[in-house]
Visitor: 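Please see the structure below; I have some questions.
Per chain, numbering begins at 1; letters A, B, ... match sequence-line order. Because only heavy atoms are used, hydrogens play no part in the values below, and waters and symmetry mates are left out as well, while side chains stay in. Quick caveat: nothing in here was measured; it's all calculated off a predicted structure.
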There are 2 protein chains.
Amino acid sequence: MFLGRFSHNLDAKGRLAIPAKFRAAVADGLVVTRGIDRCLSVYPLAAWQSFADRLSALSKTDSDVRLFQRMVFAEAMDEVLDGQGRIVVPPELRRYAGIEREATIVGMNTHIEIWEPARWEALSAAVEDEGASIAQRLADLI
Amino acid sequence: MFLGRFSHNLDAKGRLAIPAKFRAAVADGLVVTRGIDRCLSVYPLAAWQSFADRLSALSKTDSDVRLFQRMVFAEAMDEVLDGQGRIVVPPELRRYAGIEREATIVGMNTHIEIWEPARWEALSAAVEDEGASIAQRLADLI
DNA sequence: ACCGACTTCCCCACTTATCCCCACTTCCAC
DNA sequence: GTGGAAGTGGGGATAAGTGGGGAAGTCGGT
C-alpha cells in the first residue's frame, strides 16, 4: 500500500532515494517506466507482471493499443534498490518527465509515481478548484 | 464505533493524542487524510482498505479518475499509534485543515474527524440554529 | 591485443529528521 | 484523599536522506 507524498532530490548521478516507507514493497525488484500525464510509474515486480500481462492481452489490431504498448514497454527498466534504498532514473525517463534535480514522489496505492515538482503543483492546484465537482461525479462510482 | 467530541493539543512535534476510547479501534493501524470541508479524516486500516480498493479499481483511462486517485492517495498517510496513543499529523495536512495547536476531535461512527476548533465552533453554531430545518430536508432519506 | 577513458556500481560519511522511551501533570474514579 | 489512567512535554538513540570517493567492469581507440 503506497500512500503519501514526498520530495526527494536526484544526485549528480541520477540516483533517487525511494521513501523508506515504500522500500519493503519493492525490495524484491521494481520496474520504472513512462506513466500517463508525463510522470514516471514505478511498480513492484509482482504488480508489474500482472499489469504487463493485461496490457499484452489487449487487441493488437487497435493502433492506439500498439502505441501505448510501445510507450510503456520500450522505456521500461527493471531495477533493484541499492544499499541506500535508491534507484537510478535513466536519462530518457528523466527527460520524458522533465525531472532534473528535485522530484515529487507520490504513493498511488498499487504503484508509485514520480513527478517534476512544478507539474505536480499544477495538478494539485487544479484539484483545489475542481475537486468538489470531480468528487461529485465519481461519488456514485465508488 | 466512534462517538463524542474531544479537545486535545498538538505538541511542538505535531503529535496529537487520540482519545483513549478510540484507540482500540485503530490499534492495528489507521490512515489520516483530507476530509471534506477542510477537516481531516481518520479511518481504521480495514475501513480504508475497502475504500482504497474500490478507488483503485476504477478505470485509469479516465483522467478525472487519475486526478482523484492522485489527490486521495498522495495526501493520505498510514500510521500507527505510538506508545502514548498519539499520531503525527503531517504539516501539509495541518495546513489544509488550518490546525496549529488546538484540535477538536469528533467521532463520526465509522471514522474520526479532526477540526480546527474555530471552524468546528462555527459549524456547531450553525447546526444549533438550523438543525430542525436540516433534519426536515433529510427526513425522507433516513 | 593492449591501453586508456568512461561509466556503473558499491561502500562510506555526514547531517537532519524521526521514532521511541521516560517523566510530569492533570483529571476522574473509587 | 488516594490511586490510576489519560494527556502533555522533552531528550536521546536510531534511521533516513544526501553527497562524495573508490573499485570494478565496459567500451572505444590506438
Visitor: Rounding to a whole Å, what distance do you find between B:K21:NZ and D:dA6:C1'?
Guide: 14 Å
Visitor: Heavy atoms under 4.0 Å, any strand shown: does B:I18 hit a base, just sugar-phosphate, or nothing?
Guide: sugar-phosphate
Visitor: More than 12 foreign heavy atoms under 6.0 Å from CE of A:M77: is that the case here?
Guide: no
Visitor: Taking it one step at a time, do A:L58 and A:F68 satisfy side chain to side chain contact (heavy atoms under 4.5 Å, CB included)?
Guide: CA-CA 10 Å; A:L58 295 180; A:F68 191 67; 5.8 Å; no
Visitor: Counting neighbours of NZ on B:K21 that are heavy atoms of other residues, nucleotides or ligands and sit closer than 6.0 Å, is the number greater than 12?
Guide: no
Visitor: Whole Å only: how far is the CZ atom of A:F22 from the P atom of D:dG17?
Guide: 10 Å
Visitor: Round to the nearest Å and state the distance from B:L10 atom CG to D:dG10 atom P.
Guide: 14 Å
Visitor: Just compare D:dA16, D:dG9, D:dT18 and give me whichever is closest to any side-chain atom of A:R101.
Guide: D:dT18
Visitor: From C-beta outward on A:N9, which listed nucleotide comes closest to its side chain: D:dG17, D:dT18, D:dG7?
Guide: D:dT18
Visitor: For B:E92, I'd like to know if atom CD has over 12 heavy atoms of other residues, nucleotides or ligands within 6.0 Å.
Guide: yes
Visitor: CD1 of B:I36: more than 12 outside heavy atoms within 6.0 angstrom?
Guide: no
Visitor: Any side chain to side chain donor-acceptor pair (under 3.5 Å) pairs touching residues 30-45 of chain A, not counting sequence neighbours?
Guide: A:D37-B:R66, A:D37-B:R70
Visitor: Which nucleotides of nucleotides 20-25 of chain C have their base under 4.0 Å from a protein heavy atom (B), which only their sugar-phosphate (S), and which neither (-), written as one string 5' to 3'?
Guide: BBB---
Visitor: How many Å lie between NE2 on B:H8 and C1' on C:dC27, as a whole number?
Guide: 11 Å
Visitor: Taking atom P of C:dT8 as reference, at what distance in whole Å does atom CG of A:D11 sit?
Guide: 13 Å
